[in-house]
2 protein chains.
Amino acid sequence: MSTTCIRPYADNILIGECKKKLQKAISSFDKLSQVLSLAANDVRLKILYLLDEEGELCVCDLADILEMTIPAVSQHLRKLKDGNVLQTRRAGQTIFYSLKAEHLEIIKPLFEHIAIANRKKQKA
Amino acid sequence: MSTTCIRPYADNILIGECKKKLQKAISSFDKLSQVLSLAANDVRLKILYLLDEEGELCVCDLADILEMTIPAVSQHLRKLKDGNVLQTRRAGQTIFYSLKAEHLEIIKPLFEHIAIANRKKQKA
DNA sequence: AGGTTATTTAAGCAATTGCTTAAATAGTTA
DNA sequence: TAACTATTTAAGCAATTGCTTAAATAACCT
């Protein structure tokens with residue numbers, strides 16, 4: 001597919017091995033990039049962080065905290081729920097969102113970066 | 001901004017504290033979501049993984065491995081370089097890309113998930 | 001049942017993404 | 001200098017994203 005480069009010394013063995021490595025982990029890449037693309041949004045990252053801190057929150061709370069429209073927040077929550085990152089609990093007419101176990105091993109370590117930065121900030 | 005919800009018992013103290021927490025870490029969210037949005041793409045995630053494995057690769061190699069057009073790969077590399085995730089080294093007319101230290105503490109742990117999945121696969 | 005509240009869903013739209021093809025740079029070699 | 005190679009850049013376009021507003025669900029209360 002590379003169209004232009006005609007290197008006489010292209011290391012075909014290396015290229016073959018790299019292809020194999022990718023192939024071997026193909027489902028990991030799928031899963032990772034899917035979860036990361038959910039976390040790779042300022043609003044959603046904040047939502048995840050808040051849920052990690054507080055346990056559970058409803059759309060109303062999040063909309064107030066983030067100073068955003070309820071539908072806007074709701075749509076982010078939907079994506080996170082569809083991606084199996086969040087789960088819901090209904091209590092009367094309010095619906096509480098919380099982190100789901102399924103992808104927690106990917107999500108959790110991200111907050112560590114925030115915690116570290118916070119600690120550094122405290123010192124300074 | 002929440003427009004509709006008029007909860008009499010909205011926990012304004014909680015909401016205020018959450019706002020503060022976000023404010024405190026605002027630059028962390030910026031940085032994190034920026035780096036994550038670079039990694040949250042199947043192609044770019046593979047590029048990062050390959051560079052972690054191989055040390056450095058040129059556009060040609062990557063295009064061959066990923067079975068993609070050179071300009072397509074080049075544009076991904078540009079984004080990663082602009083985001084300070086990659087650096088370049090010129091050797092004649094070929095340009096080698098490699099991981100840059102700056103955001104490595106965010107990028108590196110991601111590969112651990114792939115390594116773990118690989119190990120599990122091996123066992124099974 | 002009828003009104004109120006919490007939330008979701010849908011339609012519309014501007015902005016961004018990621019590819020394609022073609023042209024421009026830049027270094028190498030004869 | 002001219003031809004060649006490796007790479008980047010640019011223009012164009014379809015697909016996706018994330019918001020807005022308005023309407024639809026769903027549970028509660030009287």
Side-chain angles (χ1 to χ4, degrees), chain A residues 1-11 15 29 33-48 56-83 86-98, chain B residues 1-11 15 29 33-48 56-83 86-98:
Chain A
M1 182 78 65
S2 62
T3 312
T4 328
C5 283
I6 319 168
R7 300 150 297 169
Y9 302 122
D11 189 342
I15 288 167
F29 290 115
S33 66
Q34 198 217 309
V35 175
L36 290 181
S37 71
L38 288 171
N41 169 282
D42 206 58
V43 173
R44 287 194 295 268
L45 194 58
K46 286 174 182 167
I47 289 175
L48 294 173
E56 58 176 23
L57 291 166
C58 65
V59 196
C60 263
D61 289 334
L62 287 166
D64 281 344
I65 296 166
L66 296 166
E67 296 178 50
M68 285 178 66
T69 279
I70 288 181
V73 173
S74 179
Q75 280 156 17
H76 282 298
L77 290 172
R78 190 185 204 294
K79 285 192 182 181
L80 291 167
K81 197 187 175 192
D82 286 350
L86 295 187
Q87 61 199 166
T88 54
R89 173 179 79 86
R90 170 150 235 153
Q93 37 186 341
T94 109
I95 294 172
F96 289 100
Y97 284 83
S98 57
Chain B
M1 181 81 64
S2 62
T3 312
T4 327
C5 283
I6 320 168
R7 300 151 298 171
Y9 302 123
D11 188 342
I15 288 167
F29 289 116
S33 66
Q34 199 215 309
V35 175
L36 290 181
S37 71
L38 288 172
N41 170 282
D42 206 57
V43 173
R44 287 195 295 268
L45 193 59
K46 285 173 183 167
I47 290 175
L48 293 172
E56 58 177 23
L57 291 166
C58 64
V59 196
C60 263
D61 290 333
L62 287 166
D64 281 345
I65 296 166
L66 296 166
E67 298 178 49
M68 286 179 66
T69 281
I70 288 181
V73 173
S74 180
Q75 280 157 17
H76 282 299
L77 290 172
R78 190 185 204 297
K79 284 192 182 181
L80 290 167
K81 198 188 174 192
D82 286 350
L86 295 187
Q87 62 199 164
T88 53
R89 173 179 78 87
R90 171 151 233 152
Q93 39 187 338
T94 109
I95 294 171
F96 288 100
Y97 284 82
S98 57

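Each chain gets a letter, A, B and so on, in the order its sequence line appears, and its residues count up from 1. Note that the coordinates shown come from a computational prediction; the quantities given were computed from them, not determined experimentally.
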Reckon A:S74 has a side-chain N or O less than 4.0 Å from the OP1 or OP2 of C:dT7? no
Closer than 3.5 angstrom, by distance alone: can the side chain of B:R78 be matched with the main-chain N or O of B:L80 as a donor-acceptor pair? no
CD on B:E56 to CG on B:L86, rounded to 0.5 Å: 12.0 Å
OP1 or OP2 of D:dC19 sitting under 4.0 Å from any side-chain N/O of A:H76? yes
Candidate nucleotides C:dC19, D:dC28, D:dT8, ranked by approach to the side chain of A:Q93 - the nearest: D:dC28
For DNA chain D, whose closest nucleotide is more 5', that of A:G92 or that of A:K79? A:K79
Is any side-chain nitrogen or oxygen of B:R44 closer than 4.0 Å to OP1 or OP2 of C:dG18? yes
Taking atom P of C:dA26 as reference, at what distance in whole Å does atom CD1 of B:I95 sit? 11 Å
Nearest 0.5 Å please: distance from the CG atom of B:L48 over to the CG atom of B:L38. 8.0 Å
Counting any heavy atom closer than 4.0 Å, what does A:K81 reach on the DNA or RNA strands: base, sugar-phosphate only, or nothing? nothing
What is the distance, to the nearest angstrom, from the CD1 atom on A:I70 to the P atom on C:dA10? 18 Å
Among the nucleotides D:dA27, D:dA6, C:dT7, whichever has the atom closest to the side chain of A:R90 is D:dA27
With a 4.0 Å limit, can you tell me whether A:R78 has a side-chain N or O closer than that to the phosphate oxygens OP1/OP2 of C:dT8? no
In whole angstrom, give the distance that lies between atom CG of B:L77 and atom C1' of C:dT17. 16 Å
B:K46 atom NZ is separated from C:dG18 atom P, nearest whole Å, by 14 Å
Whole angstrom is fine here: how far is it from CG in A:D61 over to C1' in C:dT7? 13 Å
Starting from C1' on C:dT16, measure out to CG on A:D42 and report it in whole angstrom. 16 Å
Taken to the nearest whole Å, CZ/A:R89 to C1'/C:dA6 is 15 Å
Determine, stepwise, if the pair B:N41 / A:S33 fulfils side chain to side chain contact (heavy atoms under 4.5 Å, CB included). CA-CA 6 Å; B:N41 170 282; A:S33 66; over 6 Å; no
Can you tell me how far P of C:dC19 sits from CD of B:E67, to the nearest Å? 14 Å
If you round to the nearest 0.5 Å, how far is CG of B:D11 from SG of A:C60? 13.0 Å
Comparing A:Q75 with B:T94, nearest DNA chain D nucleotide closer to 5' gives the residue B:T94
State whether A:N41 places a side-chain N or O below 4.0 Å from either non-bridging phosphate oxygen (OP1 or OP2) of D:dT17. no
Return no unless some side-chain N or O of B:T69 is found under 4.0 Å from OP1 or OP2 of C:dT20. yes
